[in-house]
Structures are given as C-alpha cells and as structure tokens.
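Following: one structure in structure tokens, then a few remarks.
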Amino acid sequence: MPPSDLNRVLEYHERTRHAIEAMARGPGRLDWASQPDPFRSYEDSSRVSLRKIGFAGRSETPAELDQDSISRLFFESLALSAKKSFAGTSWSLRVNPSSGNLHPTESYLITGPVAGLEGSPGLYHYSSREHSLEFRGRISSKSWEALGLPEGAILIALSSIYWRESWKYGERAFRYCHLDVGHALASVAYAASCLGWQCLLQENAGTADLVDLLGLGTIQNPEEVERPDCLLAVFPAGLSSWPCLSSSQILSLSPAGFRGRPNVLSGSHVNWSVITDASEAVFTPPDSAPCRRPSSGSSLSTHDFCRVLRQRRSAQAMDGKTTIPLAGLWRILRATLPDKVPFSLMPWDPMVHLVLFLHRVEDLDPGLYLLVRSDEDTGRLAQAMSAQKFLWQKPAAGPGDLDLYLLARGDARLAARRSSCNQDLASDGCFAVAMLSRFVWPLESIGPWFYPRLRWECGMIGQALYLGAEAAGLRGCGIGCFFDQMVPDMLGLEGSEFRDLYHFAVGRALDDPRLTTLSGYDLGKGDQERAAQG
Ligand SMILES: Cc1cc2nc3c(=O)[nH]c(=O)nc-3n(C[C@H](O)[C@H](O)[C@H](O)COP(=O)(O)O)c2cc1C
C-alpha cells in the first residue's frame, strides 16, 4: 500500500532535520553554472509599468483602488528595495526577505477592471525586476462579478518555484520556500494595512483550482515546477462583510487562454525528488476550510511599520553589546500577537509560540523565556515540558497583554548560538527566538496540507520581528539553519506534539564595509520626484 499523505509529510520532515551529527542532504557544493534566474518573466506578454512610489505614512481611510494604489501595494511589499555590490558583482534585494536571497516566491494579481490596466478583469504576474505587471489572461466579467467581492477588492496569489531554493539548499529547501511564503504574505498584509486595506486567506482554493487559475499546469518545465501556494483577498478595511470564495468561484475565474511563456531559469537541474513528493502530499483539497470572520487586525502596534517597510534588511552580524529597553522589547513582541496585522489574514487559530533567549534587555534578567501566543496552549506546553523543572514565573515588569513566562534565569547565549547552527547572530543580538509550533495534531486533525501553513505562520512572525526591529532602530535576521531537536530537548519536549520550525535574532547590526549599497531601481527623474513626494 502506498504511504498516506500524512506519512509522506512526516517522512519529509524527519529526513530534512539538521542535527550536529548529520545535516539535511544538500548539493554539497554550489554549481554556479546552473544557478537559477531569481526573476520569473513571461516572455511575449504585454507589460504594464507601475510607478515606483511608496507611501509616507498610514492612510487613515481606505485608499481607492487604482493603478497608483496597486503600484504602492507592490512597491512596499514585494518590489526590489536595494542593490548590493562587491568586487564588481551586484545583486538585488527585495522588500520581502528570502532564505539565501533566492526568492522562490512569485506573485500574481487577479483584479476587476482598473484604469491603466486591461479594460476587463484580468490575471497579471508581478515582476519585481521592473516593478511591472505582465498580462497573463483575460477573466470573464460575469465570473468576476459573480464573486460578489466588495468594491475595491483584489486577489493576490502566491506560488513557489522550488528549484530556485533547492539549487542551494537541497532537500531542506521545501521548508524554506514556505517560510518565505509566510514572509511574503505578511509583507503584502502590512503594505495593505498602510493603504487602509485588510487581507484574508481564501482557504477554499484547492491547489488544483489555483493551478488552473494561474495557468501553471500545461506549460511547465517539469524541472522548474512552480506550485501555487495560496490566494489572498485584499479589500478595504472596516467592512461589515468579508470575502469567502468557494472552490468553484475560484475555478470560474480561470482565463480561457494564457499569454506569455515562462522564462527558463537554469540550463541544467538536479532533481530533488523528496521535494516533489512532499509538495504533492500537501496539495490542498478544494473547499477544505470553513470561512471565518477576520479578526479586526488591530494595527496599533504596526502604525510605525509603514515608514520602514522598504528599509528592512537582514543583519549579517551583530555587535554583541547593544541593549534593548524593556518598552522596546514589549513593542516588538506585541507585534507578533495573533490579533495584529498580519495574523488577522489567517483563518486558523495560532499554532506557534516563541521561545525567547533574552540576552541584553534593560531591567530584565537574562534567560530563557516563553511567549505563549494562544492561551489555550499554556497548559499543554506546561504539561509537555514538565520533565524540566522550569520556573514558569510571569516577570514582574511584564505587561498584562503578553502571556510571557520566565523559564530559567541565566546566560542563554550559548544555547541560542549552538541551536542555530552555531551562528553568532543568535548570541550577539539583544535576543534570539525559536518558534515552537504545534505539529502532529494539526496535521492529523486538519490534514497534511496544513504542513506549509505552520511555516507560513512562522514566516509571518519573522516578518513582524523584522519590522519591529527596524521600527526600534535595530535589525533582525531570519535563521533557517538550526538543529531541529536541540531546543525541544532543552525544554524536555518529547515526541511530535511541538516542533521547532524557525529561529530569529534581533540586535544592532554590524555593517560589512566591503559592500556598497545602491537603490533597488535606477529611478528616472519623474520617479525620483514622485518617490520624494511619498
Ligand atoms: C526563511 C529565512 C531563513 C534565513 N536563514 C538565514 C540563516 O540561517 N542565516 C543567515 O545569516 N541569514 C538567514 N536569512 C537571511 C537571508 O539570507 C536574507 O533574507 C537574504 O540574504 C536577503 O537579504 P535581506 O533580508 O537583507 O533582503 C534567512 C532569511 C529567511 C527569510
């Protein structure tokens, strides 16, 4: 009998764990000749250039949907934001981060008629290289209207090209792709919120529906397969109703024909078949999730973020001495709470909690702490960790809205660094984080297709930490390389009830003086003036 999808997912997870004795299987060395193009383009499709304009602050009322607001949404979420150069080579960086800067995530806009785009509803691929929309196909007006979406709503689909990531990271790449999807989702949600818009995942979209909608079925180079991940409704905030599309409504949007051919990314490939297998085991069935009212997504703590979306950068090293004031720490942690943007886009209960290695926080004992993001899990975690005699004390200085526990006082730098593949980032910042997710229960009770969603939630938390750090004048860095079992072992966690899925560090970055930083695009005079106007 073939293994069940659940077993295939669990098997993928087990075999791609990093341990001190054995790292997950990778290519060994990088084959620069086959390095994939980080940019997808659809050759021979017509292109709409977007204006390179961002926003100066948060919009108090929902922005009108037009070409400018669409330009701003992408410019502040998925566009290029900088170029680095060193010794004659240069590379682009984007508003959203990506493991290894490989950017496996692609994005698509599905919209009704908007002045400046096609006159009818249409499907577009977003090209970050030019900040433009590539027209892929016309959508029937009747089907678009039948969705009953609120005025000013659009849909954004995300997809992943695994080869971009597996070229460097081999079998573990599938994990990183989904962390990247989480970062991209959050990136879009923050930019949308700055425009006075709100987002909600449309979980009734099955993988097969999205393959048809995005035209990813027939024209694929099998070695560069691009799989759809999710569909996000973006709509004006504060409405009394919210979009909840069915699988058949989504399918009815599929264009009758597709324009453009996807570019070839590499001349040669390595087939990482375990990724193909895992990606098939997590296919989302259609109409699989009941619709849920979105939480209002209080953006109080995220107002500051509108200024810093395009300045986000990963720290490559940290200074090992800067401290963070208590209020600064609380502000960053609050941004990770489930009632905030971007988590209001998730139609599921939070599954991920934060193990905090607090190294340099003013007026707080260094040590190991736990931030429980869903109070229903407090008892479950305490029970699962009962083999270790932790303190479980609420810090006297802790604010009431954070379910924060001191587990053990002491120097947690070594534990943070060692568990993060010995990366100094984890010990040289103000604090480091390990994201502990419920694991077997959601996969068994909801379905194996939930596996990527656990990582999306982690990626979104990562994006909240990146922006929280920027707003506090510090810098963050995602840490996808960690030894999977070290933090659970330290906490006395056995079995698969909880798993460690992502690490992160926040502190004062040390810049590399060898690198030159340039702007993301060569802006023309008009663009520069508009960018300066905000
Ligand atoms: C999911 C994920 C995992 C990452 N893992 C690491 C890591 O283990 N070590 C590291 O130094 N940087 C890591 N990074 C940072 C990336 O290398 C960085 O995002 C990328 O180089 C692009 O740079 P930028 O974030 O400044 O745009 C990670 C980023 C993401 C999103």
Side-chain angles (χ1 to χ4, degrees), residues 16 18 23-24 26 30 38 76-86 89-105 128 158 160 162 164-166 168-170 172-187 229 308-318 352 416-429 432-435 437 452 454-467 469-470 474-484 486 500-507 509-512 515-520:
T16 54
H18 277 336
M23 302 295 272
L30 292 185
E76 294 276 1
S77 59
L78 300 170
L80 305 186
S81 56
K83 216 178 262 170
K84 294 262 178 191
S85 81
F86 170 65
T89 51
S90 65
W91 59 96
S92 294
L93 296 163
R94 307 192 195 185
V95 180
N96 56 317
S98 165
S99 29
N101 198 30
L102 298 164
H103 289 285
T105 316
S128 59
L158 299 181
S160 299
Y162 304 130
R164 283 220 186 102
E165 199 77 17
S166 58
K168 180 169 180 189
Y169 293 118
R172 204 170 156 95
F174 183 66
R175 295 169 165 230
Y176 296 159
C177 287
H178 288 293
L179 290 171
D180 281 7
V181 169
H183 280 281
L185 275 172
S187 223
D229 293 306
V308 299
L309 299 183
R310 285 185 56 81
Q311 81 175 40
R312 182 213 60 80
R313 234 357 9 101
S314 291
Q316 291 172 322
M318 295 194 187
V352 180
R417 172 152 47 79
R418 288 193 69 188
S419 60
S420 303
C421 291
N422 289 310
Q423 298 186 72
D424 291 337
L425 276 171
S427 53
D428 288 351
V433 180
M435 299 184 203
S437 172
L454 298 176
R455 291 227 161 67
W456 300 352
E457 188 174 334
C458 291
M460 289 195 270
I461 294 171
Q463 194 67 10
L465 292 169
Y466 264 120
L467 295 173
E470 293 287 341
L474 298 169
R475 192 133 274 184
C477 190
I479 300 181
C481 186
F482 58 89
F483 297 124
D484 288 54
M486 239 182 224
D500 183 4
L501 297 186
Y502 191 23
H503 286 199
F504 203 91
V506 171
L510 287 177
D511 286 330
D512 185 339
L515 299 183
T516 312
T517 306
L518 308 160
S519 84

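Residue numbers start at 1 and run along the sequence shown. Both backbone and side-chain heavy atoms feed into the values below; hydrogens, waters and symmetry mates do not. Just so you know, ligand 1 is whichever comes first in the structure, and atom 1 is the first atom listed for that ligand.
Under the salt bridge (charged side-chain N to carboxylate O under 4.0 Å, His left out) criterion, Asp511 pairs with no residue, sequence neighbours left out. Judged as a side chain to side chain contact (heavy atoms under 4.5 Å, CB included), and not counting sequence neighbours, the contacts of Ala416 are Phe357, His359, Ala426, Ala432. For Thr517, the side chain to side chain donor-acceptor pair (under 3.5 Å) test picks out Lys84, with sequence neighbours left out.
Salt bridge Arg164/Asp180: absent, no basic N to carboxylate O contact under 4.0 Å. Under the 4.0 Å criterion applied to side-chain N and carboxylate O atoms, Arg175 and Asp484 are assigned as salt-bridge partners.
Once rounded to the nearest 0.5 Å, the distance linking CG of Leu454 with OH of Tyr502 reads 15.0 Å.
Residues with a heavy atom under 4.0 Å from ligand 1: Leu93, Arg94, Pro97, Ser98, Ser99, Gly100, Asn101, Leu179, Asp180, His183, Arg312, Arg313, Ser314, Gln423, Leu425, Tyr466, Cys477, Gly478, Ile479, Gly480, Cys481, Tyr502.
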